[in-house]
Amino acid sequence: MGGVTSSMAAKFAFFPPNPPSYKLITDDATGLLLMDPFPHRENVDVLRLPTRRGTEVVAVYVRHPMATSTLLYSHGNAADIGQMYELFIELSIHLRVNLMGYDYSGYGQSSGKPTEQNTYADIEAAYKCLEENYGTKQEDIILYGQSVGSGPTLDLAARLLRIRAVVLHSPILSGLRVMYPVKRTYWFDIYKNIDKIPLVKCPVLVIHGTSDDVVDCSHGKQLWELCLEKYEPLWLKGGNHCDLELYPEYLRHLKKFISTVEKSPSRRNSSRRSTDQIEHARRSTDCFEAPRKSMDRREKPRKSTDRPEKLRIHEYKFNNINKLEKLKISFDHMEKSRRSVEYREKSRSIDQQLERARKSVDWLDRIRAEIPFLSSISILCSTEEHHNSSLSLSGGNLILDDSSTLQSIRSIMSQEEIAREAIKHALKALRRRHLVEEGAHGPALIALSTPIISQGSEWKEKAENLETELQQCYKAQSRLSEQLVVEVAESRVSKALLKDNESQIASLQEGLTQSRDDCSQLKADLEEKIKALELIVSENHQIRAQLEEMIAKAKNAEAENKMLIDRWMLQKMQDAERLNEANALYEHLIDQLKASGLEKLARQQVDGVVRRSEEGAEFFMDSIVPTSYKHKINAHEGGCASILFENNSGKLISGGQDRSIKLWDTNTGTLISTLYGCLGSVLDLSITHDNRSVIAASSSNNLYVWDVQSGRVRHTLTGHTDKVCSVDVSKISSRHVVSAAYDRTIKVWDLQKGYCTNTIIFHSNCNSLAFSTDGQTIFSGHVDGNLRLWDIQTGKLLSEVAAHSLAAVTSISVSRSGNIVLTSGRDNMHNLFDIRSLEVCGTLRASGNRVASNWSRSCISPDENYVAAGSADGSMYIWSISKADIVSTLKEHTGSVLCCSWSGLGKPLASADKNGVVCIWA
């Protein structure tokens with residue numbers, strides 16, 4: 001029957017993960033057993049442990065250098081140690097304990113099948129490993145059982161008397177009670193924790209979620225009520241079955257519990273049991289496998305051992321009916337005996353009492369039948385005087401109640417034979433005399449027989465009444481005898497219980513003494529804590545005073561800062577006015593130079609000096625307007641949405657719908673390298689000023705950062721909830737990155753730390769953005785057609801300009817000097833803004849130029865003389881900024897041109913279309 005129960009439990013109660021979450025491999029160099037895919041740790045051992053049931057279980061042991069206790073963790077159902085691995089590491093670190101976790105048979109890479117008895121053998125194997133391999137003492141082990149793991153945990157805790165403590169995480173009362181609210185424990189039930197929890201002698205912590213929809217919280221509360229040593233439980237409000245570790249109170253309460261049990265001395269002084277005796281102790285708890293029975297069973301009356309050997313009644317016959325009266329037990333004496341013993345319950349049924357009474361009456365009838373014969377034996381009276389024996393009646397036999405010996409019995413039997421011979425002679429003489437006298441007294445007897453016969457009927461009736469009364473007396477005597485035996489047995493049981501209670505009282509008194517000592521120690525600790533608290537409170541007052549002073553200083557500084565900002569803004573306005581005057585003067589001079597034919601000379605003398613004075617002037621060359629394509633490359637499948645050149649280099653970087661980033665040599669048109677790892681289409685690209693890292697905006701809602709030299713992904717920046725359509729890197733630092741997505745947010749990232757430092761939320765989606773040359777301002781173009789400026793530190797909106805009326809901004813490009821911002825829109829116009837005044841300083845358009853998409857990118861040449869933009873008909877248009885007119889139209893693409901980029905060296909110009917073709921123009 002047990003095998004059927006185990007197979008049913010394995011089928012309906014255990015759910016091992018399939019496939020397992022880890023694999024076991026052996027390191028060829030060290031021979032160590034490792035778990036794949038987890039990296040090897042110096043403080044983690046992976047073990048295979050044999051069990052007494054012939055299976056092998058996999059376990060992990062996590063060491064902590066400061067640990068004084070060891071946590072033996074039995075995980076829940078539908079999990080294995082691969083899924084629990086990271087939690088084991090975190091618990092060991094935060095709780096400062098060594099931790100051993102193991103897989104049940106049939107779970108993970110453990111062999112065998114999952115059954116109730118196998119789990120008991122599994123935890124015993126783990127405990128034996130701790131004791132023998134790691135030298136862990138029983139007093140330093142804390143058992144931790146989660147969900148179904150509470151079964152083997154409580155089974156082991158009930159058999160080990162010196163375990164430090166037990167933690168029950170979402171425990172079960174029993175397997176059947178999880179499904180049905182039964183009132184008793186059945187033989188086919190598994191994990192009968194409700195019967196084993198009273199046997200646990202150590203402190204018990206119960207943790208349960210109030211909203212547990214797998215194991216109701218009432219299981220944990222009932223187990224806590226049945227604990228002998230209760231610790232303050234943790235009922236996590238709103239906690240479910242598998243998320244209790246996410247609550248801060250979980251780790252805090254567990255750490256407090258472990259700290260408490262480590263400080264408290266063990267009160268269990270029983271001798272330590274060897275691990276090879278666990279199986280013997282295992283059998284001692286097998287009583288729980290059967291239904292629980294009532295504990296009010298009485299002991300059966302034990303037969304008296306101080307009675308002498310019984311003698312049958314037909315072997316001895318006495319001459320006097322008074323001897324029979326001596327055999328009766330006095331009713332007064334029996335009444336006193338009955339009152340002297342506390343009567344509790346009857347142990348004999350009414351049918352047994354009636355049967356004994358019937359036997360007593362039958363025995364009385366036999367005695368009465370022999371009384372006439374006994375009365376004729378007068379000579380035996382003398383033999384009774386030779387010994388002081390008293391006879392009692394029991395079960396139809398005469399029983400000798402004193403300690404006479406067998407020799408006395410033989411002497412009595414020899415005297416009886418002499419008496420019988422004398423009786424025979426006397427009878428013969430009496431018969432002869434009777435015959436003689438019968439003839440003489442015959443007539444008188446006949447005359448007297450008539451009244452004697454009438455009197456005989458009355459005497460017979462009286463004799464019958466006396467017999468009835470005598471039967472009732474003997475029935476009452478038998479009932480009282482039985483009651484006396486029962487009460488004597490119950491008195492013995494009461495004495496045994498009294499001794500047990502006295503021993504329990506003594507142990508409780510010892511516990512009370514220990515508790516008083518602990519209480520006094522706690523009082524001393526409390527006084528120390530109160531003193532420390534008072535000191536902290538005084539320090540807190542001082543810190544508050546200092547804080548108030550610092551707040552006052554901060555307010556003063558803020559006021560001064562505001563005043564300085566106002567003065568700075570006033571100065572900026574004055575500078576802008578002077579700059580406008582200088583620009584007007586410059587334009588006037590240009591007009592004069594045009595009139596005199598000296599425009600070219602003025603540009604060489606002025607622009608040449610300015611360009612050579614800028615940083616990176618050694619890489620600068622005047623931009624050349626291309627006339628034809630140099631290379632035509634099929635770069636990406638499905639389209640290419642973004643291209644850009646490396647800073648001060650001729651290498652081109654492209655990203656497309658095929659989720660790859662490619663680096664090209666524009667001189668030869670060959671592929672240099674490919675970067676993989678993006679999980680979505682590439683919508684925009686950017687590169688750091690030192691050309692070491694490439695950042696891609698992806699339709700997978702993420703940003704990806706590659707190391708160009710190694711080709712590996714350094715960071716995956718997550719935080720956007722919709723596709724990321726634009727990205728840019730600061731021109732002066734490789735640390736700050738800004739991105740825009742269709743979740744109406746602009747995020748600022750720190751590449752060194754790898755996370756978001758600021759988030760700007762706005763009602764209109766941003767299609768394109770760019771950093772200013774000083775790295776302190778963000779330019780963003782939105783769907784509503786406005787150009788906005790943001791402060792990177794505070795995230796505040798600095799300024800807002802209507803760049804394109806009723807049309808989305810598709811592209812933003814900042815000139816190399818940082819003085820001009822180029823915006824392109826769905827209205828097929830390209831506007832040039834003066835950053836200093838945020839006024840339009842130029843508008844470029846063409847009759848055939850049509851913007852292809854919301855993310856079509858245009859560019860401005862390095863020398864700030866030309867603007868290039870693609871069109872939906874596959875043409876490239878190039879305008880002169882000074883003339884505000886088209887200087888070249890390039891036609892080679894067969895699809896819509898989505899983006900273009902101008903090398904920082906002045907040449908070449910590159911463009912890409914929706915078919916994935918990249919053209920290099922020269």
Side-chain angles (χ1 to χ4, degrees), residues 1-16 74-79 104-107 113-124 143-160 163 166-202 204-210 212-228 230 233 235 240-242 244 281-295:
M1 187 65 73
V4 177
T5 307
S6 299
S7 63
M8 290 175 63
K11 190 172 295 183
F12 297 108
F14 298 101
F15 302 97
S74 301
H75 61 71
N77 207 347
Y104 310 124
S105 296
Y107 279 66
K113 294 183 179 180
T115 66
E116 180 187 11
Q117 298 301 323
N118 277 353
T119 58
Y120 294 155
D122 299 339
I123 194 172
E124 289 173 10
L143 300 181
Y144 190 111
Q146 178 181 5
S147 186
V148 74
S150 60
T153 295
L154 284 178
D155 181 79
L156 184 63
R159 293 182 279 121
L160 300 178
I163 283 293
V166 172
V167 180
L168 300 179
H169 178 147
S170 301
I172 62 174
L173 288 171
S174 68
L176 185 60
R177 286 177 172 86
V178 175
M179 298 181 290
Y180 304 103
V182 295
K183 300 295 185 181
R184 58 173 294 182
T185 302
Y186 294 91
W187 61 268
F188 54 82
D189 202 353
I190 64 173
Y191 295 133
K192 306 176 184 69
N193 295 340
I194 190 174
D195 296 333
K196 297 179 183 179
I197 190 68
L199 303 177
V200 179
K201 307 297 183 181
C202 61
V204 178
L205 167 63
V206 180
I207 304 174
H208 216 122
T210 59
D212 196 326
D213 55 0
V214 178
V215 180
D216 191 72
C217 187
S218 59
H219 288 243
K221 292 182 178 180
Q222 190 169 351
L223 287 175
W224 183 77
E225 291 292 341
L226 295 174
C227 293
L228 296 181
K230 300 180 178 67
W235 313 122
N240 209 318
H241 191 68
C242 300
L244 303 188
R282 161 84 245 144
R283 292 193 293 270
S284 68
T285 60
D286 288 342
C287 61
F288 298 111
E289 301 300 323
R292 289 186 293 158
K293 298 181 179 179
S294 175
M295 298 301 295

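This structure is a prediction, so every number in the text was calculated from the model and none was measured. Worth knowing before you read on, the calculation uses all heavy atoms, side chains too, and leaves out hydrogens, waters and symmetry mates.
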Set of side-chain hydrogen bond (donor to acceptor under 3.5 Å, both in side chains) partners for [X], sequence neighbours left out:
X: His219; answer: none
X: Asn118; answer: Arg53, Thr115
X: Ser218; answer: Asp216
X: Ser170; answer: none

Got a second to check how far [X]'s [atom1] is from [Y]'s [atom2], nearest 0.5 Å?
X: Thr185; Y: Lys192; atom1: OG1; atom2: NZ; answer: 7.5 Å
X: Ser174; Y: Asn193; atom1: OG; atom2: CG; answer: 7.5 Å
X: Arg159; Y: Leu154; atom1: CZ; atom2: CG; answer: 11.5 Å
X: Ile194; Y: Glu225; atom1: CD1; atom2: CD; answer: 12.0 Å
X: His208; Y: Ser147; atom1: NE2; atom2: OG; answer: 8.5 Å
X: Glu124; Y: Thr119; atom1: CD; atom2: OG1; answer: 9.5 Å

Aromatic plane relationship, Tyr104 with Tyr107 - under 30° parallel, 30 to 60° tilted, over 60° perpendicular: perpendicular
Mutual orientation of the aromatic rings belonging to Phe14 and Tyr191 [parallel < 30°, tilted 30-60°, perpendicular > 60°]: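 Correct class here is perpendicular.
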Name of the residue among Leu168, Val166, Asp155, Val167 meeting side chain to side chain contact (heavy atoms under 4.5 Å, CB included) with Ser150: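 The residue from Leu168, Val166, Asp155, Val167 that satisfies side chain to side chain contact (heavy atoms under 4.5 Å, CB included) with Ser150 turns out to be Leu168.
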All ring-ring contact (aromatic ring centres under 6.0 Å, His included) counterparts of His169, not counting sequence neighbours: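 Residues passing ring-ring contact (aromatic ring centres under 6.0 Å, His included) with His169: Tyr144, Tyr250.
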Side-chain heavy atoms of Leu223 within contact of Leu173, under 4.5 Å: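 The answer is yes, as the side chains (C-beta and beyond) meet within the 4.5 Å cut-off.
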Closest approach of Gly76 to Val148 (non-hydrogen atoms, all atoms of both residues):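 Where Gly76 meets Val148 most closely, the heavy atoms are C-CG1, 3.9 Å.
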Tyr120 and Glu116 side chains, donor-acceptor separation under 3.5 Å: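 Looking only at side-chain atoms, Tyr120 and Glu116 do form a donor-acceptor pair, the distance falling under 3.5 Å.
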N/O donor-acceptor pair under 3.5 Å between Arg177 side chain and Arg184 backbone: yes
Test item: Asp122 side-chain N/O and Ser105 main-chain N/O as donor-acceptor pair under 3.5 Å: yes
Set of residues satisfying side-chain contact (heavy atoms from CB on, under 4.5 Å) with respect to Val214, sequence neighbours excluded: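 Here the qualifying residues are Asp212, His241.
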